[in-house]
Amino acid sequence: MLDIKTLRDHLEAIIERLNRRGESHEYLRGVIDDDTKRRDIIQRVEKLKAKHNETSRAIGKLKREGKPVQAVLDQMEADKDTIKALDEARRVLDERIEATLLRTPNLPHKSVPKGKDESDNPVIKIAGDKPVFDFEPKSHWELGTALDILDFERAAKIAASRFVVYKGLGARLERALINFMMDMHVENHGYRETLLPYIVNRESMVASGQFPKFEADAFALKDDRELYLNPTAEVPAINMHRDEIIHEADLPIQYAAFTTAFRQEAGSAGRDTRGIIRLHQFNKVELIKFVKPDQSYPALEAMLESSEAILKALKLPYRVVELCTADLGFAMTKTFDIEVWVPAYNNYREIGSISNAEAYQARRANIKYRPKDGGKPTFVHTLNGSGLAVGRTVVAILENYQQKDGTIKIPDALIPYMRVDKIT
RNA sequence: GGAGGAGUACCCAAGUUUGGCUGAAGGGGCUCGCCUCGAAAGCGAGUAGGUCGGGGAACCGGCGCAAGGGUUCGAAUCCCUUCUCCUCCGCCA
């Protein structure tokens with residue numbers, strides 16, 4: 001959420017910056033109008049309340065002294081109704097302002113390139129060598145089906161389309177990757193291992209920025225507590241510290257979290273219908289940081305390196321792009337996507353996304369830290385990144401490590417976890 | 001599922017029986033000093049509190065004691081609803 005005071009003071013600049021995302025944010029002028037009315041009402045009603053409180057205290061005093069109070073009581077009736085009416089008017093304005101701000105995205109960082117769609121995302125790094133095949137490489141769904149490690153038909157029977165059953169060494173590969181990634185981040189990169197609930201409540205979804213705008217993407221449980229399946233570990237992880245004031249000495253807080261993520265993929269009905277690139281359920285190792293504001297950009301760089309380290313260790317070719325203003329996520333100021341080479345697409349595909357939300361989520365979730373020098377509690381900055389999407393890493397391994405005979409070589413770094421060196 | 005108990009500021013914890021002078025005692029914490037090679041402990045001094053509105057600031061005021069409603073001139077304290085945690089019983093991976 002944007003800070004209303006900042007919005008008040010820099011309305012034009014903020015609208016201009018938000019408009020780089022490609023949608024109009026002129027409606028924010030209405031928020032400022034409401035805010036002006038709201039503050040006017042606050043001043044009036046608070047004056048009345050102050051008077052009312054003062055009179056009440058006087059009554060207490062009179063009673064203690066044994067003096068009559070009836071005359072004073074009669075005077076107070078009139079103001080009560082005015083106070084009630086003003087409070088109600090304020091409540092309406094508060095709600096309207098909040099509803100609008102909750103649907104307003106984060107301000108892109110100054111450095112984010114302006115663009116019209118994802119084709120404008122600049123490539124900032126290319127790493128690793130693409131495999132050279134002396135045969136026609138197969139897609140991961142062809143390989144996986146032939147090796148009987150991926151089973152789409154049975155998954156559809158059990159659940160629906162866009163699910164998969166992993167079998168045999170395919171299932172083990174998924175599990176090996178989860179362990180490999182978690183170990184790397186916990187042992188080498190200083191993250192604390194967490195295992196989080198896969199079900200989250202509405203407040204959590206609002207705080208991290210999924211709701212109210214993207215409700216259609218979530219799986220809602222049929223339960224009167226308004227619960228949802230976890231769409232990304234970012235949601236439960238950020239909400240670990242909702243409504244908390246953190247000691248400065250405890251920052252930065254860094255969590256690594258493996259979760260299974262569930263998404264409706266509401267806006268992607270016809271895309272990536274084959275294979276395991278886009279499923280309703282997928283596994284992901286996520287990195288989350290809570291940092292002091294002046295640390296968030298260095299922390300973003302470090303997080304990107306931690307994610308890249310996985311691909312480097314697995315010797316998978318990838319590139320890093322920076323998301324332009326049009327492609328930038330709702331809650332984020334700046335995002336790097338890591339894209340892995342996928343031979344079947346003859347292209348790079350997203351395998352991870354590393355973002356800084358600055359104070360946007362912290363403000364929604366009310367997460368602050370208390371500065372050691374005695375300053376006011378201040379919103380932390382939050383970051384989150386994939387480290388990495390596990391299913392898409394399986395795709396990359398199957399396709400990049402495929403052999404002419406249809407078997408899959410296991411990357412050296414993963415052999416201790418797989419305990420075999422190939423999938424046959 | 002049944003029966004009890006409890007939620008007070010960054011943390012712990014008084015206050016709830018008897019509604020008012022309670023922004024809410026007291027600790028811890030935090031800051032500084034002494035001590036020490038340095039630290040810890042100990043001792044001494046100091047500090048404040050969350051949030052919103054007004055103000056350049058000092059400061060003034062509103063809200064606020066799990067959340068939401070109610071009674072009252074006045075609620076941490078009385079009433080109602082909800083949530084969470086703890087204990088015991090039952091059931092269960």
Side-chain angles (χ1 to χ4, degrees), chain A residues 1-9 31-102 195-207 221 223-228 236 239-253 290-292 359 362-380:
Chain A
M1 197 152 62
L2 300 179
D3 175 32
I4 186 78
K5 286 179 205 147
T6 312
L7 188 63
R8 205 183 282 157
D9 294 341
V31 172
I32 294 305
D33 288 343
D34 280 350
D35 176 58
T36 306
K37 286 183 209 154
R38 171 180 168 272
R39 285 187 295 153
D40 177 58
I41 288 173
I42 286 173
Q43 285 182 53
R44 284 197 279 155
V45 74
E46 287 190 354
K47 223 168 267 174
L48 287 173
K49 285 182 179 175
K51 193 174 102 188
H52 192 264
N53 288 343
E54 199 184 332
T55 313
S56 282
R57 277 192 293 270
I59 291 173
K61 206 171 165 193
L62 288 176
K63 281 207 162 177
R64 257 172 279 131
E65 293 167 354
K67 294 178 180 165
V69 296
Q70 192 53 49
V72 193
L73 290 182
D74 293 344
Q75 280 177 19
M76 300 183 76
E77 280 307 314
D79 284 346
K80 265 188 123 174
D81 291 340
T82 316
I83 288 172
K84 207 164 187 179
L86 288 174
D87 271 344
E88 174 61 14
R90 182 200 167 159
R91 195 189 57 77
V92 169
L93 287 169
D94 278 346
E95 262 176 29
R96 203 158 72 194
I97 291 166
E98 197 192 17
T100 306
L101 289 182
L102 284 176
L195 203 49
L196 300 158
Y198 287 11
I199 290 175
V200 297
N201 57 33
R202 163 166 278 275
E203 262 187 300
S204 294
M205 292 291 263
V206 171
L221 267 54
D223 184 296
D224 56 15
R225 285 171 295 189
E226 292 202 82
L227 300 173
Y228 302 86
N239 279 282
M240 285 235 274
H241 295 289
R242 171 150 48 86
D243 293 321
E244 289 186 16
I245 298 177
I246 299 165
H247 280 108
E248 179 174 344
D250 292 334
L251 294 176
I253 294 173
F290 302 81
V291 303
K292 284 192 270 178
R363 197 171 286 114
R364 283 173 165 249
N366 190 28
I367 306 170
K368 299 180 173 177
Y369 78 100
R370 190 180 299 282
K372 241 182 148 153
D373 61 19
K376 282 271 164 199
T378 307
F379 289 114
V380 298

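Computed from a predicted model, the values in this text were never measured in an experiment. In what follows, every chain begins at residue 1, and chains take the letters A, B, ... in the order their sequences are listed.
- Contact record, Ile41(A) with Leu86(A): CG2-O, 3.5 Å, taken as the closest heavy-atom pair.
- Using a 4.0 Å heavy-atom distance criterion, Arg370(A) is classed as a base contact.
- With both pairing distances under 3.5 Å, U31(B) is matched to A45(B) as a Watson-Crick or G-U wobble pair.
- Applying the 3.5 Å distance criterion, the base of G54(B) shares no donor-acceptor pair with the side chain of Gln43(A).
- The same atom, C1', is picked in G28(B) and in C83(B); the two are 29 Å apart, to the nearest Å.
- Residue Arg57(A) places no side-chain N or O under 4.0 Å from the OP1 or OP2 atom of C21(B).
- By the 4.0 Å N-to-carboxylate-O rule, Asp35(A) lies close enough to Arg38(A) to be salt-bridged with it.
- Figure legend. G15(B) is base-paired to U8(B); pairs are counted as Watson-Crick or G-U wobble with both atom distances under 3.5 Å.
- The phosphate of G53(B) (OP1 or OP2) has no side-chain N or O of Arg90(A) nearer than 4.0 angstrom.
- Comparing Ile42(A) and Glu46(A) against RNA chain B, the residue whose closest nucleotide sits nearer the 5' end is Ile42(A).
- Base-pair partner of U36(B): not found among the strands shown (Watson-Crick or G-U wobble, both distances under 3.5 Å).
- Along RNA chain B, the nucleotide nearest to Gly60(A) and the one nearest to His247(A) differ in position, and the one closer to the 5' end is contacted by His247(A).
- With salt bridges taken as basic N to acidic carboxylate O contacts below 4.0 Å, none links Lys5(A) and Asp3(A).
- Residue Arg8(A) places at least one side-chain N or O closer than 4.0 Å to OP1 or OP2 of G53(B).
- Pairing of C63(B), defined by two Watson-Crick or G-U wobble distances under 3.5 Å, is identified with G50(B).
- Contact annotation: Lys5(A) reaches the phosphate of G53(B) (side-chain N/O to OP1 or OP2, under 4.0 Å).
- Pairing for U72(B) is absent, with no Watson-Crick or G-U wobble pair whose two atom distances lie under 3.5 Å.
- Under the Watson-Crick or G-U wobble criterion, with both distances below 3.5 Å, C88(B) is paired with G2(B).
- Here, C65(B) and U51(B) have their P atoms 16 Å apart, quoted to the whole Å.
- One P atom belongs to C32(B), the other to A41(B), and the distance between them is 15 Å to the nearest Å.
- Between Lys37(A) and Asp34(A) a salt bridge is recorded (basic side-chain N to carboxylate O distance below 4.0 Å).
- Between Asp40(A) and Arg44(A), at least one side-chain nitrogen of the basic residue sits less than 4.0 Å from a carboxylate oxygen of the acidic one, meeting the salt-bridge criterion.
- In terms of phosphate contacts, Lys47(A) brings no side-chain nitrogen or oxygen within less than 4.0 Å of OP1 or OP2 of G62(B).
- Proximity of Asn53(A) to the phosphate of C63(B): a side-chain N or O atom is located under 4.0 Å from OP1 or OP2.
- Using a 4.0 Å cut-off between charged side-chain N and carboxylate O, Lys84(A) and Glu88(A) make no salt bridge.
- Nucleotide A93(B) is matched to nothing when pairs are restricted to Watson-Crick or G-U wobble geometry with both distances under 3.5 angstrom.
- The phosphate of U51(B) has OP1 or OP2 within less than 4.0 Å of a side-chain N or O from Lys368(A).
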